Number of protein chains: 2
Amino acid sequence: MQEPTFLILTALAAQPLHGYGVIRAVDELSAGEVKLRPGTLYGALDRLTEQGLVTVDREEAVEGRLRRYYRLSDAGAAALQAQVERLRRHAAAAEVQLGRRLGGALSFGRMSAPTAGEVTG
Amino acid sequence: MQEPTFLILTALAAQPLHGYGVIRAVDELSAGEVKLRPGTLYGALDRLTEQGLVTVDREEAVEGRLRRYYRLSDAGAAALQAQVERLRRHAAAAEVQLGRRLGGALSFGRMSAPTAGEVTG
DNA sequence: GGAAGATAGTACGGCTGACGATATATACCG
DNA sequence: CGGTATATATCGTCAGCCGTACTATCTTCC
């Protein structure tokens with residue numbers, strides 16, 4: 001699962017939203033880092049609906065215009081929760097590896113100033 | 001940055017590895033969840049080398065066969081660290097949203113002024 | 001000695017998913 | 001009347017990943 005898809009599911013987790021609402025929610029959730037383009041959003045919503053992770057909650061006619069609300073399904077919530085744990089594991093693993101970087105360079109001298117005096121073997 | 005790319009950088013963080021070594025390291029780091037295929041690996045290594053996140057450490061001729069070792073550059077380590085933080089933020093945001101699911105599902109349809117992140121401030 | 005399998009790297013074709021651009025429609029402001 | 005914001009939808013393109021096939025060497029087993 002890629003970042004935009006993950007953030008769309010995240011946005012829908014709290015409450016059903018229509019397309020443009022998802023764009024704004026993702027913008028806020030990512031602190032402005034991720035701005036969804038329509039092509040990304042509706043492509044993802046279609047895909048996620050097909051996969052059963054998202055369902056159409058209701059359709060409102062607002063000022064003569066259709067407004068379609070999407071909702072996270074139970075399967076979608078489970079998938080999102082699983083992905084959260086996956087992300088956590090990967091982040092933890094990467095940090096451990098980065099911490100070993102000093103130790104690996106010690107054989108022929110340090111590459112940068114050691115911040116803490118420990119090197120675990 | 002996608003999962004395979006992230007895990008390749010993670011594998012190289014601790015020490016330089018040759019291609020096949022990366023495949024095994026990623027397998028271990030992901031607890032067997034991610035098995036890199038050659039197409040994914042060498043494509044990513046070429047790309048990451050072009051981007052300066054990875055450099056060729058050395059080339060050994062082992063038993064008449066070339067073995068090329070790749071190393072994570074300082075820029076690569078910085079990129080990986082940034083990605084770790086990004087992952088953590090996203091995981092935390094998703095969990096908060098999932099926690100709002102119960103409350104949000106209880107029959108309210110206010111969708112006027114407040115945007116998604118604003119419900120509890 | 002020969003087959004099978006692990007190790008190690010390269011090449012190529014196909015597919016999914018993300019993205020940018022664009023079209024459409026309405027409301028509001030000047 | 002035109003510009004901007006809201007809102008949905010479609011199209012074409014591209015990056016990245018995957019499967020597979022191919023080459024080559026070494027080890028293990030028969």
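Chain A is the first sequence line, chain B the second, and so forth, proteins listed ahead of strands; every chain is numbered from 1. Side-chain atoms are counted along with the backbone in the values below, which use heavy atoms only and exclude waters and symmetry mates. Only a predicted model underlies this, so the values are computations on that prediction, with no experimental measurement involved.
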Task: Separation of dC19(C) P from Glu33(A) CD (nearest whole Å) - done: 13 Å
Open item on the list: With a 3.5 Å distance limit and no angle check, can you tell me whether Ser30(B) reaches the backbone of Val26(B) through a side-chain donor-acceptor pair?
Closed with: yes
Open item on the list: Tell me every residue that passes salt bridge (charged side-chain N to carboxylate O under 4.0 Å, His left out) with Arg47(B), counting only those two or more places apart in sequence or in another chain.
Closed with: none
Open item on the list: Could you check whether any side-chain N or O of Arg58(A) sits under 3.5 Å from a backbone N or O of Val56(A), counting only pairs where one atom can act as donor and the other as acceptor?
Closed with: no
Task: Where protein sits on nucleotides 6-19 of chain D, one letter per nucleotide: B base, S sugar-phosphate only, - none, heavy atoms under 4.0 Å - done: SBBBB-----SSBB
Task: Side-chain donor/acceptor of Arg101(B) to backbone N/O of Ala77(A), under 3.5 Å - done: no
- [ ] State, to 0.1 Å, how close Leu12(A) and Tyr70(A) come at their nearest heavy-atom pair, and which atoms those are.
- [x] CD2-O, 3.3 Å
